[in-house]
Each structure stands twice: as structure tokens, then as C-alpha cells.
Asks: 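Below you'll find the structure I mean.
The figures that follow rest on heavy atoms only: side chains count, while hydrogens, waters and symmetry mates do not. All ligand and atom numbering here is 1-based and tracks the order in the structure.
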Amino acid sequence: MPINARLLTLAREARELSQTTLAERAGLSQALLSRFENGLREPSDEQLAALASHLNYPASLFQQPDEPVPLPLTFHRKRAKLSKTAQDRIHAQMNFAVMHVERLLRSVELDTDLELRPADPEEFGSAANIARSLRAFWQVPHGPVGDLAALAERAGVVVIVTDIGTDDLSGFSVWKHGGRPLVLVNARKPADHQRHTLAHELGHIVMHHRALVSEATDIEKQADEFAAEFLMPEADIRPQLEGRIDLAKLAALKPVWRVSIASLLMRAGTLGLVSTRYRTYLWMMLGRSGYRQREPQELDFPPERPHLLRDLFEYHVKELGYSEQEIGALLHHEPNEIRAFYFNTPTAGLRMVT
Ligand SMILES: [Zn+2]
């Protein structure tokens, strides 16, 4: 049975292994492994078993027909020092997550009461207009958004908050044709940062994943503008930001709006409520206190806990009676790894779901 060569490449990238290293470990030449990955040669059963065992994936993974999704349009707040191998690993993990969600959704009908309606900023005039109209369309009450992850999930967006093994990336999203959009959010970041990432990616999902985006479009700027208006609608936040602005005032607003002090300051600037000069001064003050790296812990609020994926697993375990091994077989992944990735509990007991 022929293998899906692209999944072999993804599996290798998920382990951050070079062709040379993997080939050596599996007792093959790199020349041969390269041909396997390019679909020019088929591995024998023994060769495939050796590769699977050194990659720590079940060999059945490589027989899956899934077409991997390409790299996302952009990675959110990617630092230059994020290595290519780490980026490829995270991309590969996200591809496996897409495969997992597809398989988990075979037996479950998603109950989405909000519609995800793609919108073009050109047509709407601005990204902020889209955020405003999406809030109205979803009937989000005025003021701060309480549970952003819950909103996204009600629209069928799968949100994965997980430790992605590096601080150098905040998150990203993919939306495979015919499937559900997935957002990956780095659990290493504080809650305000995670919410911004999710709002930003929601903007990409609505505005960019289904549209032909021209090179000239600054999609990052649009996604940030969407996030700002979605989390802090001008009409609601303007009265609260008016008057004298200082760090104490922004710090008091942070837990209310569940956004960072930095976001509030930026918002005040965009809305013309602080002069550029004074904003620069406050920005400098933030930097001097170290708050641009990490805002004061005493203002932290708990991160959001998306539950759609948890529910999907739970349904399989509780309603369909799947064992952990069967879930592993369904997803072509080791149960330990599934637990670590989705539930951040690599060594927990048998129970995958709490
Ligand atoms: Zn982005």
C-alpha cells in the first residue's frame, strides 16, 4: 500500500529531525528517505516500520489520505529568532490537529448557533466595520467581550490553547477547505495576550482565509484593527478613556476589558484621545517598568478555557465508549501525545477527559 509521502515529511518535521538524522536512525540512506518523501520510491514494510518507530507515530499515520494544509498566511507575532525547524514543527503539529478534528467530527454534529460569515474589508470600508458588524450579527452585548473563546467556538472555530514549546510565537490559524477553522494560541503567553491573539486570528479567519488577498494588503494591520474594535468597540470604550490618561487608569481598565494595558494605550492613541507625544511618553514608562515584556502579575486574569475539543474527546469517551487506545487509533497518534498537546497533561492517568 503506497504511503502518503507528505505526511512522512510532516511527521519528520514535527520531531524537528533532518532527513540525514532520521535516515541514519532508521538505518537508511538520506538519498532513499528523500525519495520516499518526494513520492519517487515506496518504502518496504520493514523500512516504514523503522521510520514510524523512530518518529514515534503509528505506521498507519502514513497511510492516511489527508492533504496537508499549506503554511498559514502569517504567524502572529513571530519573532525573528524563531527557528525554521521550530516553525515547521508547529506547522506540522497544526496539520495533525486538523486531521484530528476532522476525525473527531465524523461522529459528532457540531452545534454552531453563530454563523461565520467571511467579509471583505474593501467592501465594508474597514476592518473595524467588519468587527462592528460581526458583533452585531452575533448579538454580542455592548462593552467588554466576556468569553471570546466561547464565542469563537459557537461559530465553529476550534481553539487550541497549548504550550507550543517556544515564546517566539503567539499563535496562528488555518482553515482547510471544507473543514473547520483552527486557531492555535500559545499557552505560554498571559491571558490578555492570548485573547488578543485569538481576536486577531478571528479577524484573519473572517477577512483573509476565504478571500484572495493581494500582496499590497496589510493583513496584519487589518487583523489588529479588527481585534481592537472587536475587544474594545469605539462607542463603548471611548467614554471610559476620555479625560486624563495615565498608567493607573489603564491598569484599572485592564481587568474590566480583559485586554493588556498596552492595547488600551494603543486604543487611546488610535481614537485620538492621547497626543502622540504623551503616548510615546507612557509607552516609555511601560518599558521602564518592564511592563512591555510582562504586565504586572497582580492584574492578571485567568486565561480562557475553550472546551469544544474537550467536548469532542469527551463525547467519544463517554458516549461512544472509546478507550484511550481507540482514540489513539482513530487519530493515528500516541494517546500520551494527544493528552500532552490538547490537555497539557502528558503523564496523567488513563483518563483523557476530566
Ligand atoms: Zn496575523
Asks: Have a look at His200 and say which of its N, O or S atoms is nearest the Zn ion (ligand 1).
Replies: NE2
Asks: Evaluate the criterion side chain to side chain contact (heavy atoms under 4.5 Å, CB included) for residue pair His307 and Glu153; output intermediate values, then yes/no.
Replies: CA-CA 8 Å; His307 57 82; Glu153 291 190 327; 3.8 Å; yes
Asks: Suppose we only allow N, O or S atoms; which atom of His204 ends up nearest to the Zn ion (ligand 1)?
Replies: NE2
Asks: Can you establish whether the number of heavy atoms outside Glu298 located under 6.0 Å from its atom CD is more than 12?
Replies: yes
Asks: Could you tell me whether any N, O or S atom belonging to Glu201 is less than 2.8 Å from the Zn ion (ligand 1)?
Replies: no
Asks: Salt bridge or not for Arg12 and Asp88, using N-O below 4.0 Å?
Replies: no
Asks: Against Arg154, only a single residue in Asp147, Asp113, Asp111 fulfils side chain to side chain donor-acceptor pair (under 3.5 Å); can you say which?
Replies: Asp113
